[in-house]
Amino acid sequence: MDLFEISPHLDRAKELVERDEVHSLRYACLELRFCFELIAYRQLSQYGDVVPGSLSKEWKPDQIIRTLASFDPFSDQSGKMDIGYPSPDGALPEEWIAVGSTQAVSWREFRKYYNKLGSYLHAARDSGGSKILQSQSLATMIADLERVRSATLILATKNVINANCDCGNIVHIGEFEFENDEFAVCGNSKCNALYRKVVTEEGAKVLVPVKVFTATCECEAKIPVPLDKIWAPFRCYNCSLSYRLNLRYTQLERTK
Ligand SMILES: [Zn+2]
Ligand SMILES: [Zn+2]
């Protein structure tokens, strides 16, 4: 079935590993990196438009997998999905029909593999000899990729809190992303409005707009700067140019 469409890369990687020469192992690392990238992008695409704003600009596969795991705890777990009709009395169904199985690599493993492959792809590793690339170094990740390839289902559950932005876009944030102090950002680069995560007295999690100074970047994206962070340099979310404001101190004047 190969829902992630990694087979051409995985098969080439296995062939290259079997040759067991230094340069063929290197090429195998590259093919394996492609596999992990495809898995991350495929998993991300399963959510359609409902992804946290921060992810719409994210291209680093390990970061994608990590954020998805906070947004959807099932995204990096393997499991089986069945459906069944409940009995008339509401009890659990007696018969279940298998729908499929999901196969995932946890984000910690994913990050470990992905970084390991990256480290093998740097030429400097040869002379330093700090890491010797051997075919067995790749064996566990190949086994994990084989398992992912056997998945018959890609599951995406959406555990999100959202806000309607003034620009018309919807800002989504993962339930578990609520834990960190970062702002939620509107995914529309011409807007990029910031939202603070607030838990109301009733315990509801909501996103509220943050009072900001808005700068316009050379790339035309809007850069919102929270008023309490206005002294520090800030960066465009869209193109990464960085700026700082010139601030002028005006003497206090006493009013009568
Ligand atoms: Zn917006
Ligand atoms: Zn910019």
Side-chain angles (χ1 to χ4, degrees), residues 33 36-38 40-76 107 111 114-115 118 156-249:
R33 284 260 285 199
F36 284 107
E37 284 165 8
L38 286 170
Y41 302 146
R42 179 64 187 84
Q43 183 72 39
L44 182 60
S45 74
Q46 193 69 13
Y47 296 87
D49 293 334
V50 186
V51 290
S54 56
L55 266 187
S56 61
K57 282 149 199 144
E58 188 57 70
W59 58 271
K60 291 191 214 91
D62 54 333
Q63 195 57 40
I64 291 175
I65 295 292
R66 185 190 142 121
T67 312
L68 285 182
S70 80
F71 164 80
D72 171 3
F74 296 116
S75 71
D76 76 338
W107 82 260
R111 184 177 57 176
Y114 192 73
N115 291 342
T157 61
K158 297 161 183 178
N159 212 350
V160 293
I161 289 129
N162 49 40
N164 291 308
C165 188
D166 284 342
C167 75
N169 196 20
I170 300 175
V171 184
H172 302 282
I173 173 174
E175 170 100 43
F176 292 85
E177 272 186 296
F178 229 85
E179 310 294 320
N180 68 38
D181 292 329
E182 283 163 38
F183 295 106
V185 187
C186 171
N188 170 6
S189 71
K190 294 276 153 53
C191 167
N192 275 339
L194 291 187
Y195 289 82
R196 199 185 294 280
K197 305 155 193 173
V198 175
V199 181
T200 64
E201 278 178 21
E202 293 82 46
K205 291 171 174 166
V206 293
L207 294 173
V208 294
V210 176
K211 274 216 160 57
V212 292
F213 161 84
T214 306
T216 304
C217 180
E218 284 174 24
C219 78
E220 295 190 340
K222 298 284 184 218
I223 317 172
V225 188
L227 292 182
D228 54 341
K229 301 229 165 93
I230 211 154
W231 303 94
F234 51 89
R235 206 171 266 284
C236 172
Y237 291 95
N238 197 39
C239 71
S240 290
L241 273 182
S242 106
Y243 294 91
R244 82 177 306 144
L245 279 178
N246 284 326
L247 295 165
R248 187 162 59 180
Y249 175 66

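Counting starts at 1 for both ligands and their atoms, following the listed order. For reference, positions follow the sequence shown, starting with 1.
- The SG atom of Cys217 and the SG atom of Cys219 subtend an angle of 110° at the Zn ion (ligand 2), given to the nearest 10 degrees.
- Using a 3.5 Å distance cut-off with no hydrogens or angles, the side chains of Thr216 and Lys222 do pair a donor with an acceptor.
- Cys167 contributes SG and Cys186 contributes SG; the angle these two atoms make at the Zn ion (ligand 1) is 110°, rounded to 10°.
- Cation-pi geometry between Arg244 and Phe234 is not satisfied (NZ or CZ under 6.0 Å from the ring centre, within 45° of the ring normal).
- Remark: at the Zn ion (ligand 2), atom SG from Cys239 and atom SG from Cys236 enclose 110°, rounded to the nearest 10 degrees.
- For the pair Arg196 (side chain) and Val210 (backbone), a donor-acceptor distance under 3.5 Å is absent.
- Using a 4.5 Å heavy-atom cutoff, the side chains of Tyr237 and Ser189 are not in contact.
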